[in-house]
Undergrad: 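Questions regarding the structure given below will be posed in turn.
Reckoned from all heavy atoms, side chains included, excluding hydrogens, waters and symmetry mates.
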Amino acid sequence: VDKDNPYYSVVDGILYNKDQTGLIFVPGGKTEYNISAKVVSLFGVNFADMNLDSASFWFHPHPLVNSVLQNIMVAPDNPVFTSVNGVLYTKDKSMLLICPPKKKNLVVAEETKVIGIDAFSGCEELVSVSLPDGLEKICMDGFSDCTNLKEIEIPENTKLEYDSITKKDITLLKVHA
């Protein structure tokens, strides 16, 4: 992108809007990327003004994820996002937004109430996930295409949206009624 482009800018090969408050695209081949303190939107969705307690919103992380991604790091002073063990969450950790595809095992943050749409999409190497007891919802396609996922326990009272768990060979799936 030309430095004089009025709409976009590039930093470390990552495409942002001009003022770098919106992360738009991460090219393939990056194993890690850092989200600066300025970023408040991902692929056109502004998280700064969003009420995450409302109904599901349509956020697909695909433009931000590639098959070799291992970690997403967030600047500590970012007002909207945080990262725990290389996984992207909202600042208060109430929603898990993106799990990098190279994760094999994951303990989801205790504060997490929602697994976002496509949050684990394409995590083909993921074998086990530990979910917090207070998890309230797994959004549509939350665990889509996690083909090696073998162990997951869905906490009691967790709402499963349509196709929240698909294309699995899960040998140990516990769902509490």
Undergrad: Restricting to side-chain contact (heavy atoms from CB on, under 4.5 Å), what partner residues turn up for Gln70, sequence neighbours left out?
TA: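 Listed in chain order: Thr31, Lys102.
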Undergrad: Could you pull out the closest heavy-atom pair between Ser36 and Ala75, with the gap in Å?
TA: C-CB, 3.9 Å
Undergrad: Examine Ile152 and Val107 and state if one hydrophobic cluster contains both, with Ile, Leu, Val, Met, Phe, Trp and Tyr joined whenever side-chain heavy atoms are less than 4.5 Å apart.
TA: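 Each belongs to a different hydrophobic cluster.
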Undergrad: Apply side chain to side chain contact (heavy atoms under 4.5 Å, CB included) to residues Glu124 and Thr147 and explain how you reach the verdict.
TA: CA-CA 5 Å; Glu124 295 176 358; Thr147 54; 3.8 Å; yes
Undergrad: Locate the shortest heavy-atom distance separating Gly122 from Pro101; write the atom from each residue and the value.
TA: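 Distance-wise, the nearest heavy atoms are O-CB, 3.7 Å.
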Undergrad: Determine, step by step, whether Leu160 and Ile154 satisfy the side chain to side chain contact (heavy atoms under 4.5 Å, CB included) criterion, reporting the C-alpha distance in whole Å, the side-chain angles of both residues, the deciding distance to 0.1 Å, and the verdict.
TA: CA-CA 9 Å; Leu160 300 176; Ile154 310 297; 4.1 Å; yes
Undergrad: Atom CG of Leu135 and atom CD of Glu110: how far apart are they, to the nearest 0.5 Å?
TA: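 The CD atom of Glu110 is 10.0 Å from CG of Leu135, to the nearest 0.5 Å.
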Undergrad: In Å and rounded to the nearest 0.5 Å, what is the NZ to CG distance from Lys93 to Leu88?
TA: 12.5 Å
Undergrad: In Å, rounded to the nearest 0.5 Å, how long is the span from CG of Asn78 to CG of Asn34?
TA: 11.5 Å
Undergrad: Mind checking whether Tyr89 and Val87 have side chains closer than 4.5 Å, heavy atoms only?
TA: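 They are in contact (side-chain heavy atoms under 4.5 Å apart), so the answer is yes.
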Undergrad: Would you say that more than 12 heavy atoms from the other residues, nucleotides or ligands in this model lie under 6.0 Å from the CG of Asp12, or not?
TA: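 For Asp12, atom CG is not crowded (no more than 12 foreign heavy atoms under 6.0 Å).
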Undergrad: Quick check: is Val84 connected to Leu126 through a chain of hydrophobic side chains (ILVMFWY, heavy atoms under 4.5 Å apart)?
TA: yes
Undergrad: I'd like to check Val129 versus Val108 (side-chain heavy atoms, cut-off strictly below 4.5 Å). Are they in contact?
TA: yes
Undergrad: Are Thr90 and Phe81 packed together at the side-chain level, in the sense that at least one heavy-atom pair is separated by less than 4.5 angstrom?
TA: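 No, too far: nothing below the 4.5 Å cut-off.
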Undergrad: After noting the C-alpha distance and the side-chain angles of Asn85 and Lys103, does the key distance pass the side-chain hydrogen bond (donor to acceptor under 3.5 Å, both in side chains) rule?
TA: CA-CA 10 Å; Asn85 297 322; Lys103 295 289 181 195; over 6 Å; no
Undergrad: To the nearest 0.5 Å, what is the distance between OG on Ser128 and CG on Asn148?
TA: 11.5 Å
Undergrad: Keeping Thr112 on the side-chain end and Val114 on the backbone end, is there a donor-acceptor pair under 3.5 Å?
TA: no
Undergrad: Measure the spacing between NZ of Lys159 and CD1 of Ile138 and express it to the nearest 0.5 Å.
TA: 12.0 Å
Undergrad: Is there a side-chain contact between Phe25 and Ile14, using heavy atoms and a 4.5 Å cut-off?
TA: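 The answer is no, as the side chains (C-beta and beyond) never meet within the 4.5 Å cut-off.
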Undergrad: More than 12 heavy atoms of other residues, nucleotides or ligands under 6.0 Å from NZ of Lys18: yes or no?
TA: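 Atom NZ in Lys18 is packed in, count exceeds 12.
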Undergrad: So Ile72 and Tyr33, do their side chains get closer than 4.5 Å, heavy atoms only?
TA: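 Side chain of Tyr33 against side chain of Ile72, heavy atoms only: contact under 4.5 Å found.
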Undergrad: Consider side chain to side chain contact (heavy atoms under 4.5 Å, CB included). Of Asp141, Leu106, Leu149, which one does Phe120 pass it with?
TA: Leu106
Undergrad: Any chain of hydrophobic side-chain contacts (each under 4.5 Å) joining Met73 to Val39?
TA: no
Undergrad: At what distance, to the nearest 0.5 angstrom, does NZ of Lys113 lie from CG of Asp92?
TA: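 With rounding to 0.5 Å, NZ (Lys113) is 10.0 Å from CG (Asp92).
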Undergrad: Could you check Ile115 against Leu131 for side chain to side chain contact (heavy atoms under 4.5 Å, CB included), going step by step and ending with a plain yes or no?
TA: CA-CA 10 Å; Ile115 302 295; Leu131 300 172; 4.3 Å; yes
Undergrad: Nearest heavy-atom pair of Tyr7 and Asn5: which atoms, and what distance?
TA: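 Residues Tyr7 and Asn5, closest heavy atoms: N-OD1, 2.7 Å.
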Undergrad: How close do Gly116 and Cys139 get, counting heavy atoms only, and between which atoms?
TA: C-CB, 3.7 Å
Undergrad: Can you give me the closest heavy-atom contact between Pro155 and Pro132, atom names plus distance?
TA: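 Scanning both residues, the minimum pair turns out to be CG-O, 3.1 Å.
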Undergrad: Please determine, by modelled atom types, if Asn17 and Thr21 share a side-chain donor-acceptor pair under 3.5 angstrom.
TA: yes
Undergrad: Tell me, with the steps shown, if Lys137 and Thr158 meet side chain to side chain contact (heavy atoms under 4.5 Å, CB included).
TA: CA-CA 5 Å; Lys137 177 169 58 171; Thr158 300; 5.6 Å; no
Undergrad: Measure across Val40 and Pro79 and return the closest heavy-atom pair with its distance rounded to 0.1 Å.
TA: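 For Val40 versus Pro79, the nearest heavy atoms are CG1-CG, 4.2 Å.
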